[in-house]
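Read the numbers this way: they start at 1 and go in the same order the structure lists the ligands and their atoms.
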Amino acid sequence: MKKALVCGAGGFIGSHLVKRLKSEGFWVRGADLKFPEYDKTAADDFVQGDLRDQTVCNKVLDQYFDEVYQLAADMGGAGYIFTGENDANVMHNSSLINLNIVERCVKQKIGRVFYSSSACMYPAYNQEDPDNPKCNEDSAYPAAPDSEYGWEKLFSERLYLAFNRNYGLNVRVARFHNIFGILGTWKGGKEKAPAALCRKVAETEDGGVIEVWGDGKQTRSFLYIDECIDGILRLTRSDWTGPVNIGSEEMVSINQLAEMIIGISGKKISIKNIPGPVGVRGRNSDNKLIEEKINWKPTQPLIEGLKQTYTWINEQVKTSVDTIV
Ligand code: NAD
C-alpha cells in the first residue's frame, strides 16, 4: 500500500487532499497544529503538533513516504496578510516549517515532495493594470512580491528547488491562485474573498447592503478546490518539477464576484465599496505552461464552484445563528 503524508492536513486544501488520497487507496498520515474545523479527518494517522519544532517533524517524517504534500503555512486572506500586523509571524513560522520538512524529506529519501507556493510571489509591478495582469511563470524576476507572505513563498520555493539540485530531492512546486470551496475558513479573519463574500451575503436580509473592500474593480481568478486537488496530484505524478501556476483563467473583478454570489442567493442586495486591505490591482492565472507540460486545465466555470460554496456557507451561517438563539 502506498503511503502519503499531508502537512497542513487540518487546513482547507490539506483536508480535501487527504480525502482524495484515501479514495485512491493510500495510507495517509496528516500533520497539523489542529484537526479540520468542519469535518472529521479522513487520515489513518494524524499527528497534532507544531511543524516549526524539529522534534515534531522528526516524528511526522519518521519513515519513508511515496508522496509528501507540504501545505502547512501561516496564512490567511487579505485581512491577514496585507495589514502588516502578521508579517513577522508569517515569515518566521512558514520558513521554519519548510526548512524542517525539506531536510527530513532528504533524510527519508521521500519519493515525491509537493510544495504549495502562491501567486502572491509574482511582482507587484506586473499587476497594476486590473485588466491586464501578467503572471506567467517566468515573469517572477526581478522579484517584488506585494507582501511578506509572497516573499516567504518565493524563498521556500527556491529552497525546495535548491534541495532538488543539490540533494536530488524529487520536488514539485505549484503556485496556487485563490483556491476556494466548501469546508474552508469562512469567518474569524483568515477567510478569503469568496468565503467572506458568501458569508456577508448569507448574513444579509433581502434588500440589504454588503460592504466590499476597495473600489471593487480589483481583479482576480478563483479555482474550485476539487480542480486544485486534480492539479496537485497530476503535477506530483508527472515528471515536471515546476514552478507552475495552478489556477483559473476566468478573471473577474471583486464586485463581479460579489454580484455572482448575490445572484446565487436570489436576494436583492446592493454593494457598498469601503476602504480595506486589497493587495495588487489585478491577478489572473496564466495556464499556458501547465497545459503544455502536464495537460491540466480547470473543467468548470467559476459560477459552479460558487453555487456549492454559497450553499455550504449559507448552511453554516444558519446553523451558527440557530446555535446562538
Ligand atoms: P489553511 O490555513 O487552511 O491551511 C494551512 C494549515 O497549516 C492550517 O491548518 C494550519 O493550522 C497549518 N499550520 C500553520 N502553522 C503550522 C505549524 N506551525 N505546524 C503545523 N501546522 C501548521 O490554508 P489552505 O488554504 O489550505 O492553504 C494550503 C497551502 O496552500 C498554504 O501553504 C497556502 O499558503 C497555500 N496557498 C493557498 C491558497 C488559497 O487560495 N487557499 C493560495 C495560494 C497558496
If we ignore angles and hydrogens, is there a donor and acceptor under 3.5 Å between the side chains of [X] and [Y]?
X: Y125; Y: Q127; value: no
X: S156; Y: E152; value: yes
X: N273; Y: N255; value: yes
X: D286; Y: N136; value: no

[X]: numbered ligand 1 atoms lying under 4.0 Å from its heavy atoms:
X: K153; answer: 31 (C), 32 (O), 33 (C), 34 (O)
X: L33; answer: 15 (N), 16 (C), 17 (C), 19 (N), 20 (C), 21 (N), 22 (C)
X: G49; answer: 19 (N), 20 (C)
X: D50; answer: 17 (C), 18 (N), 19 (N)
X: K34; answer: 9 (O), 11 (O)

What is the nearest protein non-hydrogen atom to [atom], stated with its residue, atom name and distance?
atom: atom 38 (C) of ligand 1; value: M75 CE, 3.9 Å
atom: atom 4 (O) of ligand 1; value: G11 CA, 3.4 Å
atom: atom 19 (N) of ligand 1; value: L51 N, 2.9 Å
atom: atom 42 (C) of ligand 1; value: F176 CB, 3.6 Å

Query raised in the report: Would you call the rings of Y69 and F114 parallel, tilted or perpendicular, where under 30° means parallel and over 60° means perpendicular?
Result: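 Because their plane-to-plane angle lies in the 30° to 60° range, the rings of Y69 and F114 count as tilted.
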Query raised in the report: Going by the angle between their ring planes, with limits at 30° and 60°, are Y122 and H177 parallel, tilted or perpendicular?
Result: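 Answer is tilted, since the angle falls between 30° and 60°.
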Are any of the heavy atoms in [X] under 4.0 Å away from ligand 1?
X: D32; value: yes
X: N93; value: no
X: S15; value: no

Report task. Establish, for the pair K200 and W213, whether the NZ or CZ atom is under 6.0 angstrom from the six-membered ring centre and no further than 45 degrees off its axis. Result ->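 Yes - K200 lies over the ring of W213, closer than 6.0 Å to its centre and within 45° of its axis.
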Requested in this report: Look only at the side chain of N287 and the backbone of G247, and say whether a donor-acceptor pair between them is shorter than 3.5 Å.
Outcome: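 Pair found, side chain donor or acceptor close to backbone of G247.
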For ligand 1, indicate whether the residue [X] contacts it via side chain, backbone, both or neither (heavy-atom separation under 4.0 Å).
X: N178; answer: backbone
X: S117; answer: backbone
X: R175; answer: neither
X: Y149; answer: side chain

Requested in this report: Only one of L159, L71, N98 passes side-chain contact (heavy atoms from CB on, under 4.5 Å) with Y115; say which it is.
Outcome: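 For Y115, the side-chain contact (heavy atoms from CB on, under 4.5 Å) test succeeds with only one of L159, L71, N98, which is N98.
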Return yes or no for this condition: an N or O of [X] is under 3.5 Å from an N or O of ligand 1.
X: I13; result: yes
X: I179; result: yes
X: H177; result: no
X: L71; result: yes
X: S116; result: yes

Report task. Show which residues join F35 in its hydrophobic cluster (side-chain heavy-atom contacts under 4.5 Å, direct or indirect), or state none. Result ->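 Other cluster members: F46.
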Query raised in the report: Applying the side chain to side chain donor-acceptor pair (under 3.5 Å) test to R281, which of D131, D129, D146, D215 qualifies?
Result: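 Answer to the side chain to side chain donor-acceptor pair (under 3.5 Å) test with R281 among D131, D129, D146, D215: D215.
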Query raised in the report: Which one of G10, A73, A72 has a non-hydrogen atom at the shortest distance from atom 14 (C) of ligand 1?
Result: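 Result: the heavy atom closest to atom 14 (C) of ligand 1 is in A73.
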Identify each donor-acceptor pair in which a side-chain atom of residues 101-110 lies under 3.5 Å from a protein atom, sequence neighbours left out, and give them as a table.
{"unit_1": "R104", "atom_1": "NE", "unit_2": "N58", "atom_2": "OD1", "d": "3.3"}
{"unit_1": "R104", "atom_1": "NH2", "unit_2": "L61", "atom_2": "O", "d": "3.0"}
{"unit_1": "Q108", "atom_1": "NE2", "unit_2": "L61", "atom_2": "O", "d": "2.8"}

Query raised in the report: Hey, are E37 and K34 close enough for a salt bridge, meaning a charged N less than 4.0 Å from a carboxylate O?
Result: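 K34 and E37: salt-bridged.
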